[in-house]
Amino acid sequence: MQHSAKLLRFLHSSIFTTSERAAEQNCLSLLQLCNSLPKLTQFHAHLVKVGLHANPLVLTKFTHVSSHLNAVHYASSVIFSPEPTSQCYDTFLFNTLIKAYAETNNSKHTAIHYYTFMLSCGIRPNKYTYPFVLKACAGIMDLRLGQAVHGSVVRLGFCYDTHVLNTLVLMYCSCENGIDFGEKLFDEMPKCEPVSWSVMIGGFVRWGMSSEAVSLFRRMQIAGVKPDEFTMVMVLSACTDMGALELGRWVESYVEKEKIEKTSELCNALIDMYAKCADIDKALRLFRNMSKSKRTTVSWTSMIVGMAMHGRGLEAVSLFEEMRRAGVAPDDVAFIGLLNACSHSGLVKEGKRYFNSMTNDFGITPRIEHYGCMVDLLSRAGQVKEAMEFVHRMPIEPNPVIWRTLITACRVHSELNLGETITKELITDEPMHDSNYVLLSNIYAKMLNWEMKSTVREVMEKKGISKVPGSTMIELDDGIYEFIAGDKSHGQDEKIYEMVDEMEKEMKRAGYITTTSDVLLDIDEEDKEGALNRHSEKLAIAFALLKTPRGTTIRIVKNLRVCTNCHTATKFISNIYNREILVRDRNRFHHFKDGFCSCKDFW
DNA sequence: ATAGGGTTAG
């Protein structure tokens, strides 16, 4: 009798368990049907009704689904409702929650918050937890926090796990001055698969250390680790940064040869590389050959930005229209590219229309960059007064970039007194920013006020402000060369400087007159003309004329904007030496041919 | 049942 009661109890409990499990399964499949927030809310009601609102597994899945509906907050409000039922908390649930916040913009701090909350609840993190937490640290670029988390990783013994290690390197490489720690960690870890290499190569690219990125890629090949599509994206990114077209072409053929999967991201990286390494038509061909389903907003934006950089504004605009017809939603970045295209091509009316359409038709709130594009658009078109009014009407505080755009416009369109006033205000706000002084000096040069111009230089010297040195990169068959102004580190300096002198003679014979108003401030006045001849792009062009076959195109990449003087000189050189010269400056391409530039002297 | 790296602008 006692025996059968026991059996009965057992049966009862197993029936209960079975039915609870059935309810749980039922909930999980119901959750899969929740493809909208209202449905999820309905589901939540159901959850309470069947008493599974504290079931860890169901709540985890609930979190997952909410995050896909961009509503993680809803999940956390359910989990941590006014009466928290802490028995439902487990590691898996917290991991999912931290992951969701770590992968959402502007929510990295919340991810960290739930990590610390998890610890305070006495829930032990596992090796799955740390990649998410470290990703959040990387996202907010918080080195000290990342280091603290690293400490916990070591204490809990997760520092031998490959995934955790890779995310640690990622975290260090994402934080300012942290790349050294990242590199040290990378050097010490086992490196048998491409992920660690990709992270480290990406770290170098992120901080503009592109040649280090390429050397590391070479080390990876020597180590016999097969690169994958992620690695190739990173290497392409380095090529793009350096303007290394030949290296980029090699990457493309390598991808073909090794049958590396051409994901959207890899195609986009290739398109961007070709566009920014001066072969915009090849970029367009790649884009056209990309299957329509693979073309993302980034693909379209890369093409629009590329066309804008090459001064092909009308084509950028028609690509934008085609993108709309293709049903791909433009984002805020696409509009920056589009407005830039309008600006560089003098399409004022179109630019204004698109700026309004951005908010009205696409619901995108303009950011400071978009306002900057509009100020640039009006300024370049000579509408300085309108640009000023636009700045005063802007609903957000103008930043120094906006003021500098206006100041340049004042100088170009001879509103010198206004320009002087704004620049002085800007210097009060930003006393250590070198280009503010250069702007002021340029305005005085145009006013022919040499006394004030030299005062500006004295002030700069007294405050210990020096100008960012101009540098130019050039890729030849045997590698990439970098020149800085007055450079004498290339072993062939004598020949290069002889060539510069010869160029100068030929240009003068052709009627070239040196103008010195844009001369850098850190150069002695009496040496103005000589200094201009030593600008890095002149050195690079002289080097290219010496080292490359007659008639071939010369491609160079500058870190700053090209100065008026070098611009004029390069036009002359393209004519005298019968060379096409493609110059990528900080903002755009200049295509010099037969004494003319594609920018039509408007940049 | 939750693991690691990516492209556009600034």
Side-chain angles (χ1 to χ4, degrees), chain A residues 24 28 56-61 63-64 67 90-100 102-103 125-135 138 158 161-171 173-174 182 186 189 193-203 205-206 227-238 240 260-273 275-276 283 287 290 294-309 323 328 330-341 367-373 399 401-402 586-587:
Chain A
E24 191 184 273
L28 292 181
L57 179 55
V58 174
L59 284 178
T60 303
K61 192 86 185 183
T63 306
H64 192 75
S67 82
D90 68 3
T91 305
F92 182 29
L93 176 58
F94 272 104
N95 287 355
T96 309
L97 202 61
I98 294 167
K99 172 187 155 83
E103 287 170 357
N126 60 12
K127 61 178 178 175
Y128 296 90
T129 315
Y130 284 98
F132 305 137
V133 177
L134 289 165
K135 220 173 160 176
F158 297 131
D161 182 89
T162 333
H163 288 85
V164 174
L165 272 173
N166 286 332
T167 343
L168 271 170
V169 176
L170 173 78
M171 180 277 292
C173 288
S174 305
F186 172 79
M189 66 194 272
E193 26 79 315
V195 181
S196 348
W197 294 88
S198 302
V199 172
M200 197 59 229
I201 293 171
V205 174
R206 186 189 178 108
D228 62 10
E229 65 271 23
F230 286 81
T231 323
M232 296 331 269
V233 168
M234 301 302 187
V235 177
L236 280 170
S237 212
T240 308
I260 293 172
E261 195 193 346
K262 282 211 207 163
T263 55
S264 284
E265 289 85 354
L266 181 51
C267 292
N268 294 343
L270 276 168
I271 290 170
D272 186 49
M273 183 277 293
K276 293 203 181 126
F287 177 78
M290 209 173 159
K294 260 196 193 171
R295 287 182 200 161
T296 61
T297 305
V298 176
S299 329
W300 289 94
T301 306
S302 301
M303 275 318 300
I304 292 168
V305 169
M307 286 297 180
M309 280 187 82
M323 174 186 186
V328 179
D331 61 7
D332 49 343
V333 184
F335 273 100
I336 292 175
L338 179 65
L339 295 175
N340 254 323
R367 285 185 288 121
I368 191 81
E369 288 85 357
H370 298 98
Y371 289 104
C373 288
N399 64 5
V401 178
I402 298 229
R586 211 188 157 85
N587 285 333

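Bear in mind that the values here come from a model prediction, so they are computed numbers and not experimental data.
- A donor atom on one side chain and an acceptor atom on the other are not found under 3.5 Å apart for A/T240 and A/S237.
- In this structure, the aromatic ring of A/H163 is positioned over the six-membered ring of the base of B/dA3, centres within 5.5 Å and planes within 30°.
- Atom CG in A/D331 sits roughly 8 Å away from atom C1' in B/dT8 (whole-Å rounding).
- The distance between atom CG of A/L339 and atom C1' of B/dG10, rounded to the nearest whole Å, is 14 Å.
- Counting heavy atoms from C-beta outward, A/M323 and A/P330 have side chains that approach closer than 4.5 Å.
- Counting non-hydrogen atoms under 4.0 angstrom, A/Y130 reaches nothing in the nucleic acid.
- The side chain of A/N340 lies closest to B/dG10 when the candidates are B/dG10, B/dG5, B/dG4.
- Look at A/F230 and the base of B/dG5; the rings stack, centres closer than 5.5 Å and planes less than 30° apart.
- Nearest nucleotide to the A/V298 side chain, out of B/dT8, B/dG6, B/dA9: B/dT8.
- Listed by chain and number, the residues in a salt bridge (charged side-chain N to carboxylate O under 4.0 Å, His left out) with A/K262 are A/E256 (sequence neighbours excluded).
- Across all strands shown, A/S299 has no heavy atoms under 4.0 Å from either base or sugar-phosphate atoms.
- When every heavy atom of A/E369 is checked against every heavy atom of A/I336, the shortest pair comes out as CB-CD1, 3.8 Å.
- With B/dG5, B/dG4, B/dT2 as the candidates, the nucleotide lying closest to the side chain of A/Y128 is B/dT2.
- Residues passing the ring pair (Phe, Tyr, Trp, His ring centres under 6.0 Å) test with A/F230: none are found, sequence neighbours excluded.
- In the set B/dG5, B/dA9, B/dG6, B/dG5 carries the atom at the smallest distance from any side-chain atom of A/V199.
- Note: CG (A/N95) to P (B/dG4) measures 11 Å, nearest angstrom.
- In this entry the distance linking CZ of A/F94 with C1' of B/dA3 reads 19 Å, nearest Å.
- Applying the 4.0 Å criterion to OP1 and OP2 of B/dG10, one finds that A/N399 has every side-chain N and O outside that range.
- With hydrogens and angles ignored, a donor-acceptor pair closer than 3.5 Å exists between the side chain of A/S198 and the base of B/dG5.
- Rounded to whole Å, atom C1' of B/dG4 lies 11 Å from atom NZ of A/K99.
- Taking every side-chain heavy atom of A/N126 into account, B/dT2 is the closest of B/dG6, B/dG10, B/dT2.
- Among the protein residues, A/T162 comes within range of the nucleic acid bases, having at least one heavy atom under 4.0 Å from a base atom.
- Put simply, the side chain of A/L168 reaches to within 4.5 Å of the side chain of A/L134, judged on heavy atoms.
- Proximity of A/K127 to the phosphate of B/dG4: no side-chain N or O atom is located under 4.0 Å from OP1 or OP2.
- Atom-to-atom, CE of A/M234 to P of B/dT8 comes out at 10 Å; the value is rounded to the nearest Å.
- Distance from the side chain of A/P194 is smallest for B/dG5 among the nucleotides B/dA9, B/dG6, B/dG5.
- With rounding to whole Å, A/L266 atom CG is found 18 Å from B/dG5 atom P.
- Comparing B/dT2, B/dG10, B/dG4 against the side chain of A/T167 picks out B/dG4 as the nearest.
- Among the atoms of the strands shown, base atoms are found under 4.0 Å from some heavy atom of A/T263.
- Contact annotation: A/K276 side-chain N/O to B/dA9 OP1/OP2 distance is under 4.0 Å.
- A/N268 has its CG atom 14 Å from the P atom of B/dG6, to the nearest Å.
- Applying the 3.5 Å distance criterion, the base of B/dG5 shares a donor-acceptor pair with the side chain of A/D228.
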